[in-house]
Amino acid sequence: MNQYREIIGKLNYGLFLAIVALLPFDQLLLRYAFVTWFVCWLLEGRWLKRPKPIRDNRMLIPFLLFGLWYLWRIVSWFWAADHAIWSWQTERYLTFGLIVPVAVWGVNKHYDWRVAGKVLVGSCVAAVPVYIVIMTFFYYHPEWIGKLHLGGEWKAISGWFGYFEENISFLKHRLFLCSVELFGVAIAYKLWRKRPAILLPALIVMLSSIPLTGSRQSVLTAAGLIAVTMVYELPGRYRLRYGIGILLVGIVLGFGVLNLHPRMQNFDYTDLTEIREVSSDHNARLNIWGVALQQPSDYLAHGLGAGQSTPYMIEKYKEAKFGYYANKQYNAHNQYLEELMEIGLPGLLLFILAWVSIPLCARRQGILTSLLFTTIFMMNMLTDCMFGRFCGIALWAVGLLIIVLQSEAHSD
């Protein structure tokens, strides 16, 4: 019996490492790996009487808050107009409910955040040349696109870099790819900040994903990570004195670099508050947010219900005669706004509180990673729905578990 228990325990941990390695790649395999991992965790709980528990109950608080937020989305069934969409959205977010028992009952002795971190960094570093090779192949053999049945509209752009930026999302959405790569940057810094010979090459490769993919938001997020890291590394007596200044300089430099971004050259600064119909993606988010906020009384109290924001937006697009957006079925492109629309102001406040609790509850060993992890998500959620794709949810689950494992470690 002990032999079978050990096999199940190693399989559990091996599946977790597989999930970590798959984060930079296609989300289909990631979804299957995640479900298999959770089933294996349940099996291990059936055969092993004493999994490794969380010693500090503070780290349970973020899990429980996210669990409560997920429960509030379930409760929204009572006022959701379309229960079919509610069911689909609730099933997508099931990961938030599943991670809570994993946190409460713990994981086995094999789990080691350093090993998981090295797997993540290795996968992030490898992903960059892998995508370059694949995209180069498609560049010279575009006829294979149809054979692979990739959805969307493949754009023929002159110039290799422009082509890469416009088409990378067929393989992995640029913001989600950069989010994983930036989390890899955070983990690499935690692992090897005193070993620059290892750290610097890894950082260069992972950060190269930002100019390659053309992700504008990731420019700001990277600046945020640098600023937060600099503040954290200041001696304690200087953090309050110089921390705000460093953060402000990071914001200014981030927007300065962003303004030079090729995809910002067509951005219209003349009137950021004007909502107007366009025939392309230029200023799309500003128009989307403007439409969503036209009648906040429709959802402010308790929301429209889980999954109801996009159908609501489509109707608003049609009323405003924004046919382009309605046909594209654009969502809110802002996780905070989507939460506000779907579960109201109480749900949004609970959602933000869950995020803020992560660095507040982390022990010393996990504070830096928790700050950087929270920065990545809270900044990227400003311009996209990070939980609109399973890869975003899986990154949340893996990141939070790694922070717990770090907080449980005996040494930094």
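Sequential numbering from 1 along the given sequence is applied to the chain's residues.
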Nearest-0.5 Å distance that lies between atom CZ in F63 and atom SG in C361 = 10.5 Å

task = Can you label the angle between the H173 ring and the F176 ring as parallel, tilted or perpendicular, going by 30° and 60°?
result = perpendicular

task = Could you give me the CA-CA distance, side-chain angles and deciding distance for V125 and M206, then say whether side-chain contact (heavy atoms from CB on, under 4.5 Å) is met?
result = CA-CA 6 Å; V125 169; M206 288 186 287; 4.0 Å; yes

request  = Flag the pair I393 / Y93 as yes when at least one side-chain heavy-atom distance between them is below 4.5 Å, and no otherwise.
outcome  = yes

key: Validation row: L207, L182 side chains within 4.5 angstrom (heavy atoms)   = yes

query = Between the main-chain N or O of V119 and the side-chain N or O of S123, is there a donor-acceptor pair closer than 3.5 Å?
reply = no

inquiry  = Determine whether L225 and M379 satisfy the following criterion, side-chain contact (heavy atoms from CB on, under 4.5 Å), listing intermediate values before the conclusion.
reply    = CA-CA 10 Å; L225 291 185; M379 290 190 68; over 6 Å; no

ask   = Any side-chain heavy-atom pair from V107 and N12 closer than 4.5 angstrom?
value = no

task = Report the C-alpha distance between D384 and N334 in whole Å, list the side-chain angles of each, state the deciding distance to 0.1 Å, and finish with yes or no for side-chain contact (heavy atoms from CB on, under 4.5 Å).
result = CA-CA 5 Å; D384 233 311; N334 182 301; over 6 Å; no

query = Can you name the residues that form a side-chain hydrogen bond (donor to acceptor under 3.5 Å, both in side chains) with T213, not counting sequence neighbours?
reply = none

message = Checking W396 against F96 for the ring-ring contact (aromatic ring centres under 6.0 Å, His included) test, could you report, in this order, the C-alpha distance in whole Å, the side-chain angles of both residues, the deciding distance, and whether it holds?
response = CA-CA 9 Å; W396 167 87; F96 292 98; 4.4 Å; yes

note = Sorted by chain and residue number, the side-chain hydrogen bond (donor to acceptor under 3.5 Å, both in side chains) partners of N331 (sequence neighbours excluded) come out as H333

inquiry  = Tell me if a side-chain donor or acceptor on W355 pairs with a main-chain N or O of M378 at a distance below 3.5 Å.
reply    = no

ask   = Atom CE in M341, atom NZ in K316: separation rounded to 0.5 Å?
value = 9.0 Å

key: Exercise: do E44 and N108 side chains pair donor with acceptor under 3.5 Å   = yes

ask   = Quick one: CD1 on I367 to CD1 on I403, what's the gap to the nearest 0.5 Å?
value = 11.0 Å

query = Taking C-beta and beyond as the side chain, do W41 and W105 meet within less than 4.5 Å on heavy atoms?
reply = yes

key: Stepwise side-chain contact (heavy atoms from CB on, under 4.5 Å) check, V102 with F38   = CA-CA 9 Å; V102 174; F38 185 76; 3.8 Å; yes

message = Determine whether a donor-acceptor pair (N or O, by modelled atom type, separation under 3.5 Å) exists between the side chain of R114 and the backbone of L191.
response = no

request  = Answer yes or no: is there a donor N or O on one side and an acceptor on the other, between the side chain of Q27 and the main chain of F390, under 3.5 Å?
outcome  = yes

request  = State the SG-CG distance between C124 and L23, to the nearest 0.5 angstrom.
outcome  = 7.5 Å

request  = Please state whether the rings of W37 and F34 are parallel, tilted or perpendicular, taking 30° and 60° as the class boundaries.
outcome  = perpendicular

query = Is Q308 reaching over with its side chain to a backbone N or O of A306, donor-acceptor style, under 3.5 angstrom?
reply = yes

query = Hey, which of I19, L395, V180 is the one that makes side chain to side chain contact (heavy atoms under 4.5 Å, CB included) with L120?
reply = V180

request  = Could you please spell out the steps behind the side-chain hydrogen bond (donor to acceptor under 3.5 Å, both in side chains) verdict for N327 and Y317?
outcome  = CA-CA 9 Å; N327 292 334; Y317 294 146; over 6 Å; no

task = Could you tell me whether the side chain of Q329 and the main chain of I314 form a donor-acceptor pair under 3.5 Å?
result = no

query = Taking W72 as the fixed residue, which of W79, W77, F78 is the one that meets the ring pair (Phe, Tyr, Trp, His ring centres under 6.0 Å) rule?
reply = W79

task = Classify the angle between the aromatic ring planes of F387 and F377 as parallel (below 30°), tilted (30 to 60°) or perpendicular (above 60°).
result = tilted

query = Would you say F137 has more than 12 foreign heavy atoms packed within less than 6.0 Å of its CZ?
reply = yes

query = So do Y299 and L340 actually touch side chain to side chain, heavy atoms under 4.5 Å?
reply = yes

note = From the list R193, K194, K190, salt bridge (Lys or Arg N to Asp or Glu O under 4.0 Å) with E233 holds only for R193

ask   = Can you check whether L98's main-chain N or O pairs, donor with acceptor, with Y70's side chain at less than 3.5 Å?
value = no

Pairing of E339 and R73 as salt bridge, 4.0 angstrom limit = yes

inquiry  = Just checking I244: does its CD1 atom have more than 12 heavy atoms from other residues, nucleotides or ligands closer to it than 6.0 angstrom?
reply    = no

ask   = So, do L65 and L350 sit near enough that their side-chain heavy atoms are less than 4.5 Å apart?
value = yes

query = Between Y336 and W289, is the gap from one ring center to the other below 6.0 Å?
reply = no

key: I168 backbone acceptor or donor facing R174 side chain under 3.5 Å   = no

task = Could you tell me whether the side chain of W113 reaches within less than 4.5 Å of the side chain of V404, counting heavy atoms only?
result = no

query = Are the side chain of E342 and the backbone of G307 linked by a donor-acceptor contact shorter than 3.5 Å?
reply = yes

query = Do the side chains of L43 and L11 get nearer than 4.5 Å, heavy atoms only?
reply = no

key: All pairs passing ring-ring contact (aromatic ring centres under 6.0 Å, His included) where residues 183-207 contributes a residue, at least two apart   = F183-F373

message = Check the orientation of Y325 and Y330. Use parallel for under 30°, tilted for 30 to 60°, and perpendicular for over 60°.
response = tilted

